[in-house]
Amino acid sequence: MRKQDVKTEEDIARYLEGWSDFEKAVYVATFRIPRGMVSTYGRVAKTIGRPKASRAVANTLHANPLWPTVPCHRVVCSDGSFGGPRDHANGRMKHVIEEGTPVVDGKVVLNKDTLV
DNA sequence: CCCGTGACCGACT
DNA sequence: CAGTCGGCCACGG
């Protein structure tokens with residue numbers, strides 16, 4: 001199926017057939033993050049039952065094959081900063097801001113209203 | 001099966 | 001409060 005036709009969690013799992021369960025879980029969890037809010041690598045890891053797999057989550061999202069269907073830009077570091085190469089980080093920050101999420105000094109403001 | 005590689009995290013100087 | 005350090009984990013070679 002074509003990437004632009006992926007619109008549900010089931011679609012994601014189908015599109016990712018052949019990928020590991022871990023990777024599917026990461027993308028599905030990220031897909032659930034509502035617009036205007038963010039989550040952190042650590043929290044996503046916890047959500048999918050792998051509390052200590054934050055690094056693996058980051059690795060997985062780095063290769064997000066379903067952008068922008070899967071909003072990987074809504075996943076940031078635990079301190080609110082955007083990890084990764086400068087160019088990628090800037091783009092992600094721009095999208096987060098466009099969705100109305102508060103960003104101060106290059107970092108997302110993490111509180112009960114912005115953090116899932 | 002061992003090893004290097006990260007878009008990380010939390011605790012501890 | 002900024003910088004370090006060790007632990008963590010999936011993946012690919």
Side-chain angles (χ1 to χ4, degrees):
Chain A
M1 76 187 292
R2 297 177 304 169
K3 166 165 89 172
Q4 58 267 40
D5 294 327
V6 176
K7 299 192 180 308
T8 68
E9 294 181 15
E10 293 71 43
D11 292 339
I12 293 175
R14 206 173 309 136
Y15 188 85
L16 259 33
E17 194 172 348
W19 291 58
S20 70
D21 290 337
F22 176 83
E23 289 166 318
K24 289 181 192 170
V26 169
Y27 290 120
V28 169
T30 301
F31 178 72
R32 292 206 185 98
I33 302 174
R35 179 188 173 80
M37 296 195 219
V38 300
S39 190
T40 69
Y41 297 102
R43 291 178 76 92
V44 169
K46 201 171 303 181
T47 301
I48 63 178
R50 295 247 130 58
K52 313 278 189 164
S54 55
R55 303 191 69 162
V57 170
N59 284 337
T60 300
L61 287 180
H62 173 57
N64 180 13
L66 288 171
W67 188 91
T69 304
V70 170
C72 70
H73 56 281
R74 290 182 198 150
V75 183
V76 301
C77 297
S78 63
D79 66 350
S81 65
F82 297 81
R86 185 177 55 73
D87 49 334
H88 284 209
N90 286 335
R92 288 157 62 217
M93 176 169 72
K94 180 183 167 192
H95 280 281
V96 168
I97 293 176
E98 286 174 352
E99 296 180 347
T101 307
V103 174
V104 175
D105 196 34
K107 293 182 179 181
V108 176
V109 179
L110 302 177
N111 57 45
K112 61 180 176 57
D113 297 315
T114 62
L115 187 56
V116 178

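Order of the sequence lines sets the chain letters (A, B, ...), proteins ahead of strands, with each chain counted from 1.
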Could you state the atom-to-atom distance from [atom1] of [X] to [atom2] of [N] in whole Å?
{"X": "A/R43", "N": "B/dA7", "atom1": "CZ", "atom2": "C1'", "answer": "18 Å"}
{"X": "A/K46", "N": "C/dC8", "atom1": "NZ", "atom2": "P", "answer": "16 Å"}
{"X": "A/K107", "N": "C/dA2", "atom1": "NZ", "atom2": "C1'", "answer": "10 Å"}
{"X": "A/D79", "N": "C/dT4", "atom1": "CG", "atom2": "P", "answer": "16 Å"}
{"X": "A/H62", "N": "C/dC9", "atom1": "NE2", "atom2": "P", "answer": "21 Å"}
{"X": "A/F22", "N": "C/dC8", "atom1": "CZ", "atom2": "P", "answer": "15 Å"}
{"X": "A/H88", "N": "B/dA7", "atom1": "NE2", "atom2": "C1'", "answer": "9 Å"}
{"X": "A/F82", "N": "B/dG6", "atom1": "CZ", "atom2": "P", "answer": "22 Å"}

Inset, instruction - Give one of base, sugar-phosphate or nothing for A/Y41, where a contact means two heavy atoms less than 4.0 Å apart. - result: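 The residue A/Y41 makes base contact.
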Legend entry - Polar side-chain contact A/R55-C/dA10 base: donor and acceptor under 3.5 Å: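 It does not, because no donor-acceptor pair links the side chain of A/R55 to the base of C/dA10 below 3.5 Å.
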Inset, instruction - Would you mind reporting whether A/W67 and A/H95 have side-chain heavy atoms less than 4.5 Å apart? - result: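 The answer is yes; the side chains approach within 4.5 Å.
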Legend entry - Any A/L110 side-chain heavy atom under 4.5 Å of A/V38 side chain: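 Answer yes - side chains close enough.
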Of the listed nucleotides ([options]), which one gets closest to any side-chain atom of [X]?
{"X": "A/N59", "options": "C/dC9, B/dC9, B/dG6", "result": "B/dG6"}
{"X": "A/K52", "options": "C/dC9, C/dA10, B/dA7", "result": "C/dC9"}
{"X": "A/A56", "options": "C/dA10, B/dC9, B/dA7", "result": "C/dA10"}
{"X": "A/R50", "options": "B/dC9, C/dC8, C/dA10", "result": "C/dA10"}

Inset, instruction - Taking atom types as modelled, find out whether A/T101 and A/E99 have a side-chain donor-acceptor pair closer than 3.5 angstrom. - result: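 No donor-acceptor contact under 3.5 Å links the two side chains.
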Legend entry - Heavy atoms of other groups near A/E17 CD, more than 12 under 6.0 Å: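 Counting neighbours around CD of A/E17, 12 or fewer heavy atoms of other residues, nucleotides or ligands fall under 6.0 Å, so no.
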Inset, instruction - Give a yes or no on whether A/D113 atom CG has more than 12 heavy-atom contacts from other residues, nucleotides or ligands under 6.0 Å away. - result: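 Atom CG in A/D113 is packed in, count exceeds 12.
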Legend entry - Under-4.0 Å side-chain N/O to phosphate OP1/OP2 contact, A/S78 with B/dC9: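 Yes, because at least one side-chain N or O of A/S78 sits under 4.0 Å from OP1 or OP2 of B/dC9.
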Legend entry - C/dC11 OP1/OP2 closer than 4.0 Å to side-chain N/O of A/S20: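 True: A/S20 side-chain N/O within range (under 4.0 Å) of C/dC11 OP1/OP2.
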Legend entry - Residue closer to the 5' end of DNA chain C, A/S54 versus A/T60 (nearest nucleotide):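 It is A/S54 whose nearest nucleotide is closer to the 5' end.
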Inset, instruction - Take atom P in B/dC12 and the same atom in C/dC8, then report the distance between them in whole Å. - result: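 Those two atoms are separated by 15 Å.
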